[in-house]
Amino acid sequence: MVAAAKSTENAPQPSIGFHALTLATFFGASAAPTPLYRIYQENFSLSPVLITVVFAVYAFALLAALLTAGSLSDHLGRKPVIFFALVLEIIAMGLFVVAGGPGWLIAARIVQGIATGIAGASLGAALVDVDRAKGQIVNSIAPLCGMAVGAVGTSALIQYGPFPMHLIYALLLLAFALLAAAIWLTQETGGTRPGALGSLIPRVTVPQQVKRPLSLVTPINIANWTLAGFYLSLVPSLVASTTGSRAPLTGGAVVTALMASGAITVYLRRGKSASANLGFGVSAKTLGILTVVAGVHLANVPLLLIGTVFTGAGFGTNFLGSIGTIMPLAKADERAGLLSAFYVQSYLAFSLPAILAGFLAKSAGYALTTDIYATAILLLMGAGLLGLRAGRRKAAA
């Protein structure tokens with residue numbers, strides 16, 4: 001039996017704002033290393049390949065945490081699990097502060113990935129507990145807003161503040177310590193039930209009725225997360241290499257433009273149908289990618305920013321459309337397993353191609369790597385959109 005969370009007249013009320021801020025801070029911290037990758041390359045003599053490995057281990061750790069501990073807060077309660085994730089994140093920030101080489105960075109990113117995976121699942125559930133409709137919107141927008149602020153905030157501190165490789169992590173460590181203390185002032189929104197150990201066994205299932213829609217939307221989803229991985233791992237180095245602008249804020253602004261425009265578009269198009277969102281997303285992303293490629297070859301930063309705004313709009317809308325295509329088809333007891341399968345697909349696309357991009361950048365340069373990635377992403381999106389339209393015509397026939 002589920003033990004309902006106790007509440008009294010004087011109990012602290014759950015705050016959707018607090019949980020949204022905590023979720024955004026986790027994802028802001030996840031984007032904080034992005035503007036620093038070029039500085040790590042220079043200070044630690046790292047290759048683009050090793051930089052993308054540092055990036056990718058975060059995604060692998062996050063995925064592992066989602067698959068194993070994603071439902072842990074359903075059994076132990078939201079607050080203890082969120083607190084545990086905050087403690088892990090504090091440890092990760094400490095590892096970044098003392099990092100003196102790639103081994104420390106990899107260790108920090110692994111711990112951070114585990115913490116963010118646990119936090120994402122438990123905070124996401126807590127937000128829906130407080131307000132189902134608003135919680136779902138916040139779950140879509142808060143991570144993108146957090147990453148936008150994390151990228152530009154870190155860039156500004158690098159450019160204008162002292163201790164460029166350490167200050168942001170010290171500030172984030174303090175922020176997470178405050179959040180860890182504050183979580184106990186909020187009301188528990190979930191409950192407890194037995195079976196915590198059993199919940200750690202990954203369950204990845206795709207219901208029969210969802211297999212075909214998922215296969216049709218897969219090329220667009222893979223293209224989406226491949227692009228996100230490329231931006232968060234290599235774009236600051238790409239901007240510096242191709243435009244000559246070595247100001248940290250320039251590369252950080254490009255990454256921020258992707259996340260900020262994605263968040264705004266998710267909010268504006270949240271009520272549109274899945275098919276309409278996918279059509280809009282592919283069109284916006286195609287225009288954006290072509291503009292970004294032009295900006296790279298013309299060494300034009302404003303063009304890169306404009307292209308990234310369109311690309312981000314497509315990124316956010318394609319995410320909405322992909323989720324909207326598959327999740328309504330699943331029964332209530334099938335959604336968790338289906339979402340796990342979707343996460344596996346998304347985070348593998350987020351991480352593995354980024355490592356390939358590191359190899360390409362090392363051997364062929366950043367500009368040619370951008371051309372290859374842009375071509376692959378455009379082809380994947382085109383194939384996915386054509387497949388979806390063919391599937392709809394077949395269903396209507």
Side-chain angles (χ1 to χ4, degrees), residues 31 33-42 48 51-52 55 144 147-160 164 223-224 226-265 280-318 353-354 356-358 360-382:
T34 295
L36 283 162
Y37 286 145
R38 182 173 61 83
I39 296 174
Y40 289 144
Q41 279 185 273
E42 296 170 354
I51 284 296
T52 53
F55 165 78
L144 294 173
M147 286 190 282
V149 174
V152 75
T154 302
S155 301
L157 287 175
I158 295 169
Q159 189 159 326
Y160 299 114
N224 223 34
T226 297
L227 177 127
F230 181 80
Y231 260 79
L232 286 169
S233 61
L234 288 178
V235 157
S237 297
L238 163 72
V239 172
S241 172
T242 58
T243 69
S245 175
R246 302 183 67 80
L249 262 177
T250 305
V254 174
V255 175
T256 298
L258 181 81
M259 299 305 168
S261 61
I264 291 169
T265 314
F280 176 89
V282 169
S283 300
K285 199 170 170 184
T286 299
L287 175 61
I289 288 173
L290 293 174
T291 307
V292 166
V293 170
V296 167
H297 287 283
L298 294 173
N300 188 303
V301 173
L303 206 56
L304 275 173
L305 284 168
I306 293 168
T308 299
V309 168
F310 284 107
T311 302
F315 168 75
T317 315
N318 279 340
L356 175 60
L360 285 173
K362 182 179 179 181
S363 59
Y366 288 103
L368 183 56
T369 300
T370 303
D371 293 342
I372 293 170
Y373 260 65
T375 302
I377 288 169
L378 291 174
L379 289 174
L380 275 170
M381 288 195 304

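Heavy atoms only: backbone and side chains are in, while hydrogens, waters and symmetry mates are out.
Note that OG of Ser261 and CG of Leu305 are 10.5 Å apart. Values are rounded to the nearest 0.5 Å. Taking OG1 from Thr311 and CD1 from Ile289, the interatomic distance works out to 5.5 Å, rounded to the nearest 0.5 Å. Interatomic distance, Thr242 OG1 to Leu298 CG, rounded to the nearest 0.5 Å: 10.5 Å. One distance of note links OG1 of Thr154 with CD1 of Ile39; it measures 10.0 Å at 0.5 Å rounding. Ser233 OG to Leu238 CG: the interatomic distance, rounded to the nearest 0.5 Å, is 10.0 Å.
Looking at every heavy atom in both residues, Ala31 comes nearest to Leu232 through CB-CD2, 4.5 Å. When every heavy atom of Ala151 is checked against every heavy atom of Pro35, the shortest pair comes out as O-CG, 3.4 Å. Taking both residues in full, the closest heavy atoms of Phe315 and Leu144 are given as CE2-CD2, 3.7 Å, listed atom of the first, atom of the second, then distance. Here the closest non-hydrogen pair linking Asn224 and Asn318 is OD1-CB, 3.5 Å. The shortest non-hydrogen separation linking Pro248 to Ile158 is CG-CG2, 3.5 Å. When all heavy atoms of Ser237 and Gln41 are compared, the pair lying nearest together is OG-OE1, 2.9 Å.
In this structure, the side chains of Leu378 and Lys285 stay at 4.5 Å or more apart for every pair of heavy atoms. In this structure the side chain of Thr370 never reaches within 4.5 angstrom of the side chain of His297, judged on heavy atoms. You'll find the side chain of Thr34 stays beyond 4.5 Å of the side chain of Tyr231, heavy atoms only. Side-chain contact between Leu360 and Tyr373: present, with at least one pair of heavy atoms (C-beta onward) separated by less than 4.5 Å. Pro236 is listed as a side-chain neighbour of Val255, based on a closest heavy-atom distance under 4.5 Å. Val254 has its side chain out of reach of Leu258: every pair of non-hydrogen atoms, C-beta onward, lies at least 4.5 Å apart. Between Val296 and Tyr366, the closest side-chain pair of non-hydrogen atoms is not below 4.5 Å. Taking the side chain as every heavy atom from C-beta outward, Lys362 and Ile51 never approach each other to under 4.5 Å.
Judged by distance alone, with hydrogens and angles left aside, the side-chain atoms of Thr369 form a donor-acceptor pair with the main-chain N or O of Ala361 at under 3.5 Å. Side-chain N or O atoms of Ser155 include none that pairs as donor or acceptor with a backbone N or O of Leu249 at under 3.5 Å. At distances below 3.5 Å, at least one donor-acceptor pair connects side-chain atoms of Arg38 with backbone N or O atoms of Arg246. Without hydrogens or angle criteria, Thr243 side chain to Ala299 main chain gives no donor-acceptor distance under 3.5 Å.
A donor-acceptor contact closer than 3.5 angstrom is absent between the side chains of Tyr37 and Thr52.
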TODO: Test Val292 against Phe310 for side-chain contact (heavy atoms from CB on, under 4.5 Å), laying out the working first.
DONE: CA-CA 9 Å; Val292 166; Phe310 284 107; over 6 Å; no
